[in-house]
Protein chains: 4
Amino acid sequence: MSSFIRSYKIRFEDCDMAGIVFYPQYVLMLHRIVEDWFAEALDMPMSIMHRQHKIGFPTVNLKVDFRKASRLDEVLEWSLEVRRLKTRSATLGICACYRDERRLEAEITIVSVDLVDGDISSREIPHGIRAGMEAYLYA
Amino acid sequence: MSSFIRSYKIRFEDCDMAGIVFYPQYVLMLHRIVEDWFAEALDMPMSIMHRQHKIGFPTVNLKVDFRKASRLDEVLEWSLEVRRLKTRSATLGICACYRDERRLEAEITIVSVDLVDGDISSREIPHGIRAGMEAYLYA
Amino acid sequence: MSSFIRSYKIRFEDCDMAGIVFYPQYVLMLHRIVEDWFAEALDMPMSIMHRQHKIGFPTVNLKVDFRKASRLDEVLEWSLEVRRLKTRSATLGICACYRDERRLEAEITIVSVDLVDGDISSREIPHGIRAGMEAYLYA
Amino acid sequence: MSSFIRSYKIRFEDCDMAGIVFYPQYVLMLHRIVEDWFAEALDMPMSIMHRQHKIGFPTVNLKVDFRKASRLDEVLEWSLEVRRLKTRSATLGICACYRDERRLEAEITIVSVDLVDGDISSREIPHGIRAGMEAYLYA
């Protein structure tokens, strides 16, 4: 078991009038690490997944604990692991740290869906993607 | 006890490649109804709160259940109520519906803080704001 | 000839660390007034245009003069008129004011395209939409 | 004279219902390359500039030519050069390419301002920043 790790810098666009990260921007960063995990760890960039395979992984549940404020130009280290893997869904644990300080802890549940003519219906996670996810399953 | 109700239209900017609302945009909408509630129901627009009173209400916890996809040009009805009111924090229940269909259920915890010279420390919810919040307390 | 007028409030999400509107947020507002103009003045909501008619109006040129900073909770009045109308494109003049003060002046050129299977190619502006646009042509 | 070059990947959050970059997202990318140029080429990260030096560089004019659509997962190469350098302002030329194809050309004018107690007034570009900018002046 391993975690997927990426670092993202807090940008000017992420900060609010109080000079700290505006929390919807954190949620964008949550999506970014999931997107990078699909592309780089599961070998399934979203462009290929959407256009060629006509599948998607919408988020159906989100829980976030915002522990400490983050500020402009800080580089946060994000890590992602798989907490639960079901036939049609996966629950991911994601946290972001600055040095030794935990800034955010999140849990996201994504569901595998077919994207056909604008319709969305759940389906089994494709075998290749599931195999990739298992390597990040928290033991 | 009453709920605070507002309607927001799904805009082009909210929709992703699959033609449905991209979930971080829903989180922006959660912030919007809280912002409108402060301005219109609690009589405390964020501009006054930040600049004159030097207080803020950052979100420390967020839970969202995304039940059904929403699409461009749908007008969702959002409602907000207070679930728990503590000395320094309030937990809000927010849901969004399209006609009879519940699209999203969320719970947000906000904390009262002093904004002094870029520092952020928790404080009691000011009396006037607390009194306004009580009217939205779910009985 | 008339202008299309809408008012939008500056929200917390629009403001940067200096407490003024972050300029990419102004560009989002430019898109919003164009979107509202299509839906309300041209009777062609983008959802219908995209899904049923398979046409779009991407922006190919943008010029903006940011004259004065705007701040949280100010309600700006936006107005839109058509400056030039060609076979396949329209150039729109848009400005935003706060009371007597002009905050922003912009010019946007949009082009009519067919959206077929992810391909994009320019086409004549459909007759019904063109007729609607003519009513906003600056004489 | 040299150009400042950075590459940014098109993310899911940047794409609209038609599967191409939504143009306000391009404007965010324009801000990002300016931000990275200040931090990495001018040795003046925006966090230091805002908090310690109390100066800012708001954008007062923006012109963009959107030449070709960009799509998810494409990595665009952005380049920035200084076109005009005045006492209080700088005009930057920015373009974004995908392989041999020019996707976007932009010109941005930024003005040096003092940020004091929420007030904004123009000032001379500080000497050290100006010296850094000169190295990117297009000859």
Side-chain angles (χ1 to χ4, degrees), chain C residues 13-35 45-51 53-72 89 103-111 113-122, chain D residues 13-35 45-51 53-72 89 103-111 113-122:
Chain C
E13 71 201 56
D14 299 320
C15 297
D16 68 14
M17 286 172 53
I20 61 175
V21 172
F22 181 50
Y23 79 90
Q25 293 295 119
Y26 269 137
V27 176
L28 266 181
M29 295 173 210
L30 286 172
H31 191 271
R32 282 178 203 156
I33 191 170
V34 174
E35 189 178 342
M46 291 210 173
S47 53
I48 306 289
M49 196 161 74
H50 273 252
R51 277 204 295 260
H53 301 282
K54 307 279 184 195
I55 57 176
F57 277 87
T59 295
V60 295
N61 188 272
L62 169 68
K63 293 189 188 77
V64 196
D65 218 23
F66 302 97
R67 296 192 164 204
K68 284 274 187 186
S70 296
R71 292 169 190 282
L72 183 58
S89 71
R103 295 286 172 84
L104 170 153
E105 274 183 64
E107 199 172 90
I108 280 186
T109 301
I110 57 176
V111 173
V113 300
D114 281 313
L115 300 167
V116 183
D117 293 326
D119 246 31
I120 293 173
S121 54
S122 81
Chain D
E13 70 201 56
D14 300 320
C15 297
D16 68 13
M17 285 172 56
I20 61 174
V21 173
F22 181 50
Y23 80 90
Q25 292 294 119
Y26 270 136
V27 177
L28 265 182
M29 295 174 212
L30 287 172
H31 191 272
R32 281 177 204 158
I33 190 168
V34 174
E35 187 178 345
M46 293 209 171
S47 52
I48 305 290
M49 196 160 74
H50 273 253
R51 278 202 296 257
H53 301 283
K54 306 279 184 197
I55 57 177
F57 277 87
T59 295
V60 295
N61 188 272
L62 169 68
K63 295 188 187 77
V64 196
D65 217 25
F66 302 96
R67 295 192 162 202
K68 284 275 188 182
S70 297
R71 290 167 192 282
L72 183 59
S89 72
R103 294 288 171 80
L104 168 154
E105 274 183 63
E107 200 173 87
I108 280 185
T109 300
I110 56 177
V111 173
V113 299
D114 282 312
L115 301 167
V116 183
D117 294 325
D119 246 32
I120 292 173
S121 55
S122 80

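Below, chain A is the first sequence line, B the second, and so on; all start at residue 1.
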* To do: Below 4.5 Å from any heavy atom of chain D, which atoms of C:Leu30 appear? Answer side chain, backbone, both or neither.
  =>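 Both the backbone and the side chain of C:Leu30 come within 4.5 Å of chain D.
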
* To do: Might you point out which heavy atoms bring C:Phe66 and D:Asn61 nearest each other, and give the distance in Å?
  => CD1-N, 4.0 Å

* What are the two closest heavy atoms between C:Val27 and D:Leu62, and how far apart are they? ->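 For C:Val27 versus D:Leu62, the nearest heavy atoms are CG2-CD2, 4.3 Å.
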
* **Contact origin within D:Phe22 toward chain C - heavy atom pairs under 4.5 Å** =>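 The answer is the side chain of D:Phe22.
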
* Which atoms of D:His31 approach chain C - backbone, side chain, both or neither, heavy atom under 4.5 Å -> both

* Structure fact -> NZ (D:Lys63) and CG (C:Asp65) are apart, to the nearest 0.5 Å, by 8.0 Å

* Structure fact -> Distance col, row C:Met46:CE vs D:Asp16:CG, nearest 0.5 angstrom, shows 10.0 Å

* **Student check: side-chain heavy atoms of D:Ile108 and C:Tyr23 closer than 4.5 Å** => yes

